[in-house]
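Values in this document were obtained by computation on a predicted structure and should not be read as measured data. When a ligand or atom number is given, it counts from 1 through the structure's own listing order. No hydrogens, no waters, no symmetry mates; every other heavy atom, side chains included, goes into these values.
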Amino acid sequence: MAPRDFGRTGHNPRMNTTTQLDRTLLLCRDYVDNGLSNEEIAASFLSLRVLCVADQRNLSTHSGQTCLATLVALLSRMGIRVALAMPETSVILPQPPLAGSLLRESLCGSSNRLLLGAEVEIWDGKAKPNLTFVLGDSEAVETGDACWRLGGNDWGGVIQGKGMVGRWAAHWPVGAMVSAALAAGEAFKHAIRRLPFRNPQDQIFFEASSSAKWDFAPVVPPEGVDLGAVDIISAGAITQAALYALLRLPNVRMKGRVFDDDVTGETNLNRNMLSQVNDVGMAKASLVAERCAPRFDLRPIRKRFQADEHEEELAPSVLVGVDDIPSRWIIQRAAQGAVVVSGTSHFSISSSSHVPGEPCCGCQHPVDDADGVAAIPTVSFVSFWAGLAMAVRLIHRAMGVPYPADRQHLWLTPLRMDLSRAALWSPVAARADCPVKCARSLRAA
Ligand SMILES: [Zn+2]
């Protein structure tokens with residue numbers, strides 16, 4: 001870190017990259033050799049150089065811009081260095097937390113701001129990257145082997161190691177964020193593969209995917225949607241990812257409250273998509289409300305949601321991003337309408353939604369997680385998938401096309417999205433021992 005950067009961003013010089021990557025390093029420790037220090041694991045990410053290539057035509061749509069901006073953010077939050085080969089272009093719709101009206105300038109301005117040491121710069125045309133990502137059908141720069149093209153449409157995304165993808169043409173950007181998350185996963189796998197593993201046979205989980213895709217169900221994107229009142233429980237990684245996605249959907253409106261009693265810590269920067277280095281120490285609820293304004297009118301409530309305080313009732317839609325299982329039960333008992341829950345567990349995500357009359361989130365998660373208070377291993381792209389799935393569930397419901405009962409729950413392990421077993425959709429079974437004692441569980445009993 002050059003000292004001048006501290007002056008420019010105004011953050012505390014005692015901050016450090018290894019601390020900011022702590023939860024990512026913890027996740028790597030599921031598999032890497034026990035003898036590695038945190039600094040050695042971090043070095044595999046910090047020394048990785050990724051080139052992002054995009055031309056004017058692919059950047060002339062909101063989806064193309066969203067794909068590139070999301071990819072750069074997900075890479076930066078892993079500490080990976082990004083070089084951009086792209087023309088300057090005007091921002092079509094805002095890309096918070098980036099500010100500014102020019103895309104390349106805004107992306108370069110995010111250098112060292114999403115995570116210390118994660119530099120974003122304009123490619124000099126010479127430095128050889130470890131990996132290259134090419135947006136849509138942009139003309140590729142010849143840089144070597146590890147190269148993927150990012151393509152997609154309204155709700156689905158694809159990455160292709162060989163072969164062409166179409167130009168980014170969509171205005172609706174969910175597929176763009178899918179494509180960026182797929183690509184970020186490849187960069188993560190590349191970084192961890194460079195480290196010695198405890199069990200070398202585990203490397204198979206982290207093999208590169210020559211191509212991968214995901215589609216959140218093809219429905220015609222709405223002209224505009226009013227999500228109405230939405231209460232957001234936790235302003236952490238999952239709900240920040242969901243709001244990051246919702247903020248990018250054209251003509252989507254919502255209002256509501258954000259409940260969180262915590263302040264942003266350095267170890268949140270590896271995954272909290274609306275947070276920046278300067279925000280360390282700031283109340284998460286206020287930060288999220290501020291980043292979502294003026295698009296969404298969210299009132300920050302700087303405390304945990306307490307059902308017994310006889311406050312106003314919960315809104316008709318509730319987004320639940322808390323990891324604590326008993327807290328989810330409390331929210332489910334108090335809820336009158338839809339409860340959308342997402343969470344992560346190591347390299348996997350769980351996402352479900354529950355309306356009255358359906359098996360509830362207590363039926364889905366009936367047992368308290370014994371090690372719920374321990375530091376949670378997470379990485380940017382896994383948390384992002386959890387939030388994106390949450391945003392899609394909310395918007396599909398508002399559009400009147402909620403997922404059917406056999407897709408009430410999604411379990412996704414976004415490491416090998418080239419394999420069909422990466423995703424498991426399932427119904428939620430009503431359980432007689434449901435801790436919430438929802439209507440369906442009482443019938444089951
Ligand atoms: Zn239940």
Side-chain angles (χ1 to χ4, degrees), residues 216-217 227-234 236-239 242 256-257 259-260 304-346 348-373 376 385-398 400-413 423-445:
F216 271 112
L227 299 172
V230 181
D231 278 338
I232 297 156
I233 315 290
S234 161
I238 309 297
T239 50
R257 300 175 293 180
F259 291 84
D260 201 307
R304 287 171 181 232
F305 174 76
Q306 307 278 359
D308 53 358
E309 288 187 2
H310 305 292
E311 282 216 10
E312 301 155 60
E313 286 181 351
L314 277 174
S317 299
V318 185
L319 301 182
V320 183
V322 286
D323 296 310
D324 183 56
I325 301 286
S327 297
R328 295 180 181 177
W329 302 338
I330 290 169
I331 296 153
Q332 180 74 72
R333 284 188 200 107
Q336 314 281 322
V339 177
V340 186
V341 186
S342 277
T344 64
S345 175
H346 296 258
S348 296
I349 72 142
S350 162
S351 164
S352 58
S353 73
H354 312 269
V355 294
E358 286 180 340
C360 76
C361 83
C363 293
Q364 175 63 39
H365 304 281
V367 180
D368 188 12
D369 196 350
D371 56 7
V373 288
I376 293 164
W385 274 107
L388 185 58
M390 172 182 265
V392 169
R393 282 190 184 276
L394 182 69
I395 200 91
H396 276 197
R397 185 165 291 286
V401 285
Y403 282 112
D406 64 352
R407 295 195 163 204
Q408 197 185 347
H409 182 250
L410 170 65
W411 179 263
L412 184 74
T413 307
L424 179 66
W425 294 97
S426 63
V428 177
R431 295 180 59 116
D433 60 349
C434 169
V436 176
K437 301 194 186 334
C438 66
R440 284 295 297 274
S441 72
L442 295 177
R443 255 192 278 163

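Relative ring orientation between W425 and Y403 is described as tilted, the plane-to-plane angle lying within the 30° to 60° band. By the 30° and 60° cut-offs, the orientation of the rings of W385 relative to F216 is tilted.
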Stepwise side chain to side chain donor-acceptor pair (under 3.5 Å) check, H354 with Q364: CA-CA 10 Å; H354 312 269; Q364 175 63 39; 5.8 Å; no
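Pairs of residues two or more places apart, or lying in two chains, that qualify as salt bridge (charged side-chain N to carboxylate O under 4.0 Å, His left out) and include a residue from residues 424-439 are R431-D433.
Taking 2.8 Å as the limit, the number of protein N, O or S atoms around the Zn ion (ligand 1) is 4.
A side-chain contact (heavy atoms from CB on, under 4.5 Å) with S342 is found for one member of S352, S351, S350 and no other, namely S351.
The backbone N or O of L227 lies less than 3.5 Å from no partner atom in the side chain of R397, so there is not a single donor-acceptor pair.
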